[in-house]
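All figures in this text were calculated on a predicted structure; none of them were measured in a lab.
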Amino acid sequence: MKYYIETTIETDFDSAVEKVKEELKKEGFGVLSEIDIHEKLKEKLDVDFRKYKILGACNPPNAFEALKAEEHIGLMLPCNVVVQESSQPGKIMVSAIDPVASMMAVDNSSIEPIAHLIKDKLARAIEQL
């Protein structure tokens with residue numbers, strides 16, 4: 001099973017990051033964390049890596065339901081969305097975790113409907129890019 005939802009868009013990196021945040025917001029997600037992998041690898045290893053950001057997205061009502069249903073589900077939160085430069089100039093790859101695939105490791109059937117709902121929301125956000 002593929003563990004992510006993806007698309008490639010034609011724009012610059014910073015515009016892509018902003019557009020992803022906008023589309024996530026439309027689906028009820030907030031971005032709780034933003035990790036600039038390009039910057040961190042330069043800082044920690046002194047290597048040049050393509051522009052690559054990990055956005056930690058959270059849909060509070062659904063996260064709350066998941067947390068009530070499964071005490072350790074916080075290990076799987078937030079939903080990561082990756083924005084990265086492609087090897088093709090002017091193309092940016094955007095991918096999001098497929099929560100249905102990642103929740104297969106959780107033995108709790110009450111989580112399934114929440115995972116499907118979040119997958120639909122993430123897929124819509126990605127499709128709108």
Looking at every non-hydrogen atom in both residues, tell me the closest pair between [X] and [Y] and how far apart they are.
X   : Y   : answer
K42 : D48 : NZ-OD1, 3.4 Å
A96 : V81 : CB-CG2, 4.0 Å
G28 : N59 : O-ND2, 3.4 Å
A57 : P78 : O-CB, 3.1 Å
A66 : I73 : O-CG2, 3.4 Å
P99 : I97 : CD-O, 3.1 Å

Starting from [Y], can I reach [X] by hopping between I/L/V/M/F/W/Y residues whose side chains sit under 4.5 Å apart?
X    : Y    : result
I114 : M76  : no
L32  : L75  : no
M103 : I118 : no
L24  : Y4   : no
L55  : L129 : yes

Could you tell me if the side chain of [Y] sits less than 4.5 Å from the side chain of [X], heavy atoms only?
X    : Y    : value
L77  : L67  : yes
E112 : S109 : yes
K119 : I5   : yes

Nearest-0.5 Å distance, CG of residue N108 to CD of residue E70: 5.0 Å
Approximate separation, where rounding is to 0.5 Å, of R50 CZ and S87 OG: 8.5 Å
side-chain contact (heavy atoms from CB on, under 4.5 Å) between M93 and E6, worked out: CA-CA 7 Å; M93 296 181 293; E6 68 177 327; 5.7 Å; no
Verdict with reasoning, K53 to F13, per side-chain contact (heavy atoms from CB on, under 4.5 Å): CA-CA 10 Å; K53 282 196 179 181; F13 184 80; 3.8 Å; yes
Spell out, as yes or no, whether a donor-acceptor pair under 3.5 Å connects the side chain of [X] to the backbone of [Y].
X   : Y    : result
N80 : I54  : no
N62 : L117 : no
E85 : K51  : yes
H38 : F49  : yes

Strictly below 4.0 Å, N to O, side chains only: are [X] and [Y] in salt-bridge contact?
X   : Y   : value
K19 : E23 : yes
E65 : K68 : yes
K21 : E18 : yes

Pair K40-E43, salt bridge (Lys or Arg N to Asp or Glu O under 4.0 Å): steps then yes or no: CA-CA 5 Å; K40 289 297 174 191; E43 174 188 326; 3.5 Å; yes
K2 atom NZ: more than 12 heavy-atom contacts under 6.0 Å: yes
Identified side-chain contact (heavy atoms from CB on, under 4.5 Å) counterpart of I126 within the set V94, I9, V20: V94
